[in-house]
Structures are given as C-alpha cells and as structure tokens.
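Have a look at the structure below, then the notes.
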Amino acid sequence: MDAIMALCKRRGFVFQASDIYGGINGFWDYGPLGAQLKKNLREAWWQDMIMNPAWGRKGPNGERVRCVPLETCIIQHPKVWEASGHVAGFNDPMVDDKETKGRFRADHLQGLYQIGDYESPLADLLARTASTGGAVPVCTVVASSAGEAIDQLLNTRKLQKELGIRTITSRTPLTDSTRPFVSVDMGNLKADCEVLAVPMPTLKSRFAEVPSPFTGKKGVLTEPRQFNLMFFTYTGAVFNEESKVHLRPETAQGIFVHFKNVVDSTRVKIPFGIGNTGRSFRNEVTPRNFTFRSREFEQAELEFFCHPDESQDWYRFWRDFRMEWWRSIGLAGENLILREHEKDELSHYSCGTSDVEYRFPFTAPGFGELEGIAHRGNYDLTQHQTHSKVKLDYFDTTRGETLPNGSKKGERYIPHCIEPAAGLDRGALALICEAYTVDPSRPSPEFLKLHPRVAPIKAAVFPLVDKDGMPEVAEKLADALFARFGRHGFIETDAKQSIGKRYARMDEAGCPYCFTVDGDTLKDQTVTVRDRDTGRQERIGLDAVPAWLGERLGL
RNA sequence: GCGGGUGUAGCUCAGUGGUAGAGCGUCAGCCUUCCAAGCUGAAUGUCGCGGGUUCAAGUCCCGUCGCCCGCUCCA
C-alpha cells in the first residue's frame, strides 16, 4: 500500500489536502491524473446508470430501463435528516471504559437494579418498581434491549466471570408481562433485579459509580460524550440552534425529497430510477486507510422506484448489474466480490442488501465496501411523507382491474425502492489498487494497468528521436488525437530523453497506448503502437490511428 | 477518543549534540533509430510545526499536527 500511495503522490493522482500546512485528517485532494480518473469513473457511472441504464438491457419487466438524473444540495432542510433517521442515528452519545478501552452507546447500557432479596416470590417482584432515578445498578451489560441483556448474561460464561457473577437465573414471568427479572448471586451480593436501560441522567451525574459492563469495576467509565458524525454549519448571520444546518451524510435523501417533483415534471412511469452524484460529509471517528474512509467523499447513488411485487426482481437485477459493471471497468479479478448481508445485518426496513466489496491491500485478506445495493422497501418515502405531510404515493394506471372501456382502474401505492449507492473515491482507489502491478522482469517494473475507459491519459505520441522530421509528424498525429479524444482524457506528447524512459513514465501513469513515429514512418506512413500491459508493438497506418484508438477506448 | 510506531529533497531512506547527505526521480545540454541506456551540468530542505535545555539541536526534553498499525466506530 505504501508503494501505491507513493506512486499516487509522485504521479499526481492523490495529494493530502492542505499539504503545505501539514495536512488535515480525513481529507484528500486529487492531482491532475486523479481528478481525470475520477471524472472518467463518474461519467462511466452516469452513462451506464442514467443515460443508457444497464447498457440498454431490458429489465425484469421486459422493458428498457428508464432513469433520470438529479442534482441536489449538500445542505437541506433540517427536517430531512430527522425524517431519514440520520440525526438520531448519527448523534448517539458514547461511553468509554477507561481501563479496557471499550466503548458503547450510552443508550445500550442495561442495568440490573435491585428490587428484592434473593429468590423472592415473583408476586413480590411484580408488585415493586425498580428505582432507576437516583439508584445505580449492581451490574451492567451492553445490549440493545433488556431481553438481549438477559440472554447475554445467562448464556455467556465468560461475561459472567468478568462481571463477578456466580450464578444467575431468569425470573421473567411467562405471562404477558414483559418485565425482565433475574436472581443473581455475585458473592458479596445476592439479589433479585429488574433489568432496565440505565437512564441518561444517571450516566451523566453518577457515571463514576456505575459498574463497567466489561469488568464490573466502578469508577472506570467516562460520562456519555457526543460524537457528532454529521458536520454542521449555520445559515444566515445569526449563529444559534435555529440557524443550524447539516452537511448531507448521503446524497440519496435529495432524491426522495424530489420524488414527487420528478414524477410530476418528467412523465416517468414506475418503474424508473433517479440518479444523483455529489459530495457527502461524515465526521468519521477514525479516518483511515488513505482515501477509503474520508470525511468528505463523493457518492453516486441511484434510487430505483418500483411496485412492491416487482421489487425483489429489481433488487436482483441491480445487484447483478452493479457487480458486472465494476468488472467491466477493470475490477475483473478475484479481488471483487458480491456479499449478501446476513439477516441480522439488515436494517429493520430492508429485506435484502448486498455489498460489492473489494480486497484492498489494507483490508486483505478481508474486503472493503465499494457499493451497497439495498432493498429499502418504502421506508424513505414513508418517512418523508410522515414528516413533511406531503403525499408521496404514486397512482399507477397500468394496474388494477380492467374497466369495461378497456382501461385499468389503477392502483395507488408508495413505491418500493432499490438503492445502488456507490462510493466514487473508493471506486477510484480500487481501480488504482487493482491496476497497480509490479513486474520485475520489465525495464519499468511498476505500472498501472488501468482500463482504457477510465485511464486519465488515453494515449501518448512520441517521436523515436527528436530530429529528422519525426517531431513534426508526431505533433500532427497528436493534434488529430487531441481533436477527437481530448475531451475524454489527456493526449501526451514528449520528445525528450530516451524512448524507454518515456514509455516507463506512461506505464506508471496508466496510459494504455503509446504511438511512436520512427524512421519508417517517414517512408511508409506507419507508426508503431505499444501496448502498455504486454509491451508488444505492432505497426499501423498513420491515418488509421484515430479509428484504431477509438475502437480500443470504446469511443 | 485510547495505545503503539513514525515524520530529513518530488520518491525511498542514511545521518554519534559540532558545515544538510545518498540513490532514484525532475530540469537543461550533448548523445541516442524502440524500453527508466550513456556523458556533462543544474535546481530542490525553516530536518512536520511550536516551545524548551545547551556555547551549539535533524539528534535531548515538552507540546502539537499528519501518516501507518491495533482497539473503537462504520448510514
């Protein structure tokens, strides 16, 4: 990875943001080649997802896939993030165990509150109420619910031992009551306890007395601290709570917010998709691994809306296409996998999520996420409908029973949504990592096997030597290539130094083809073309070069 | 946020408290008819940043920032 990072800097793919001031943690800039590489990646996505979705392939409904673009603001109304769940989800106060360095969400701390002596009659327990206000629990455990806490306590010997529990038995009545009781023997304390979440005021005021969920020790916990995972700023001149706005943590919400506007303005019919690319911001706790986890990053997201009955088919369609797409631009090897999420990994509203994952040098032998393809149900539109009080359902005139006049009665529903959400910075990094090749047998061992479609330098034109009329011919050829391919990437020319050195430079920059004007060119109007990956050369007519290159670049 | 490592030229790295170094790369000239060739020359550094100790600090001490690794987190 160090070698890849060195090459990225040396050749101008990636620089550290604010480099001359020592850099700023979690932010990276793209140099000339990186900027063009990422632009090529973004445009490939735009082309294959929106303008000609899925390469013109028919969807599961047998029809051409239809998508439209959208471009939405980084700053949205604060209620957007309430509706999406980001404000709640990104703002959880955390507690640290200073001794074990363990950290957990404050609202996930479950406490055992003494409510009676050891093994008291159940009726007595039911009659009492645990005082969680001022009291501190005798023991704690990290779990998202009291039930889960009891599960852990009963079934994990190791945890029992660490917390100093000798025996523990569940006293939870098998009635409709959901009050969770346990009888616990901790040696110096035998008690009946009710299991309840430790309230925030207790954690804040008496955190030193609350036992650690990892060791049972007191005085090792910090008070709950806010880790703001969303960036915020202020609108207008006055800085106060009312003027506070967030920088978006994802581009997708901009799409849901405009679902109705797009339907009303474009004559799109379900099923269809809306694509959106742009910067998003997350105040990551630990930015790490080069550009992989940055605080400012770019996403390319498609929200594909369809009828609930067809959603599973569309989910599989996009999942498989997205995998194929990444393969098509150069991530063709074993380093790319599609991983279906386990049931317990899914969000509560999702009935299927897959990740396209790449084996980065820093994740190996594991994988890192490039893109998530999620079946989001109708969660987002429903949330926005509830919070905005604007109807976000869709009237589908192709459904419902057939009327006497032959038309359909129609059906009103909130569409389901399939979301392929890709990280462009992660994509660009994966392309570089996959392309990075070291072949000690070559004169220039280090090179980038970038796919021609994404390569920032599309071709180079060299005179073999800088004399005898060769530079003039090369210049003319370069002009022709520039006119035709200049808008897709760089066309390089270079006449200085040895031809080997010039080839080597192009190899490192990932330029797929070099055209060289030599002595024979002047006689028979042919040039050599050198293939970056094999080093092999063939000779083609000078006039044929633009067409030859166009074919290789797919342009 | 915690712990460990690290920071010297564009890159990779040497450097014992006493003049700032090498290789590669870059640039210029010569040479050169296909793979980082050769010759000659040149530019490039607040030694991450800020304090301190010292006659003297790249070197020792303190702080801070960045990067890497391990925790933690990861819609």
Side-chain angles (χ1 to χ4, degrees), chain A residues 1-3 5-12 15-28 31 81 84-90 92 94-105 222 225-227 229-230 248-253 280-290 292-293 295 299 301 345 347 349-350 353 355 361-362 368-369 372 374 376 379-380 419 421 423 441-447 462-468 470 495-508 514-522 527-530 532 535-537 539:
Chain A
M1 193 62 212
D2 288 347
M5 289 172 69
L7 188 146
C8 280
K9 173 152 197 199
R10 190 167 70 238
R11 288 296 167 198
F15 301 134
Q16 205 177 356
S18 307
D19 199 9
I20 62 170
Y21 290 100
I24 176 164
N25 193 357
F27 298 88
W28 299 88
W81 310 118
S84 69
H86 285 96
V87 169
F90 275 103
D92 303 314
M94 306 292 286
V95 174
D96 288 332
D97 180 320
K98 287 181 278 193
E99 201 175 60
T100 65
K101 310 300 175 196
R103 172 183 290 176
F104 53 91
R105 271 172 63 169
T222 64
R225 291 177 296 185
Q226 201 81 17
F227 290 88
L229 293 187
M230 271 168 95
R248 67 180 171 198
E250 62 172 34
T251 58
Q253 296 305 321
S280 292
F281 302 81
R282 287 180 203 173
N283 206 352
E284 297 288 352
V285 177
T286 312
R288 193 68 66 90
N289 292 331
F290 204 29
F292 182 78
R293 174 161 295 132
R295 289 183 164 137
Q299 295 181 296
E301 299 194 286
E345 223 180 326
S347 321
Y349 49 77
S350 179
T353 299
D355 285 345
F362 48 79
E369 181 186 346
R376 298 182 62 89
Y379 175 78
D380 301 276
E419 176 192 81
S441 72
R442 288 166 62 119
S444 51
E446 253 182 323
F447 65 111
F462 301 140
L464 185 58
V465 290
D466 197 10
K467 60 180 186 184
D468 299 342
M470 293 179 205
K496 297 277 184 184
Q497 296 173 318
S498 73
I499 190 71
K501 189 171 271 196
R502 285 176 274 160
Y503 285 150
R505 274 198 284 253
M506 286 302 112
D507 284 349
E508 241 187 24
C514 294
F515 299 95
T516 303
V517 173
D518 57 19
D520 292 347
T521 307
L522 307 171
V527 294
T528 63
V529 52
R530 170 185 178 275
R532 174 196 63 205
R536 273 201 291 275
Q537 294 186 346
R539 189 159 270 280

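Quick note on labels: first sequence line is chain A, next is B, and so on, each numbered from 1. These figures come from a predicted structure and were not determined experimentally.
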Is [X] near enough to [N] that one of its side-chain N or O atoms lies under 4.0 angstrom from OP1 or OP2?
{"X": "Q497(A)", "N": "A28(B)", "result": "no"}
{"X": "S498(A)", "N": "U32(B)", "result": "no"}
{"X": "N289(A)", "N": "C69(B)", "result": "yes"}
{"X": "R11(A)", "N": "C11(B)", "result": "no"}

For a quick check of understanding: with a heavy-atom distance under 4.0 Å over all strands, which category does [X] fall into, base, sugar-phosphate or nothing?
{"X": "R442(A)", "answer": "nothing"}
{"X": "D518(A)", "answer": "base"}
{"X": "R288(A)", "answer": "base"}
{"X": "Q16(A)", "answer": "sugar-phosphate"}
{"X": "D466(A)", "answer": "base"}
{"X": "E508(A)", "answer": "base"}
{"X": "G26(A)", "answer": "sugar-phosphate"}

Interatomic spacing from OG in S444(A) to CZ in R505(A) - rounded to 0.5 Å
11.5 Å
Partner nucleotide, any strand, of U6(B) [Watson-Crick/G-U, under 3.5 Å]:
G66(B)
Paired with C13(B): which nucleotide, if any, by Watson-Crick or G-U wobble criteria at under 3.5 Å for both distances?
G21(B)
From the list C67(B), C34(B), A36(B), which nucleotide is the closest neighbour of the side chain of N25(A)?
C67(B)
K501(A) side chain, from C-beta outward: closest of C35(B), U26(B), C68(B)
U26(B)
Correct closest heavy-atom pair for D468(A) and L522(A) would be O-CD1, 3.2 Å
Would F292(A) and F362(A) count as a close aromatic pair, with their ring centres under 6.0 Å?
yes
Quiz question: going by heavy-atom distance under 3.5 Å, is there a donor-acceptor pair between the base of C34(B) and the side chain of T528(A)?
yes
Parallel, tilted or perpendicular, as decided by the 30° and 60° cut-offs, for the rings of F290(A) and W28(A)
perpendicular
On a whole-Å scale, what distance lies between the P atoms belonging to A9(B) and G5(B)?
22 Å
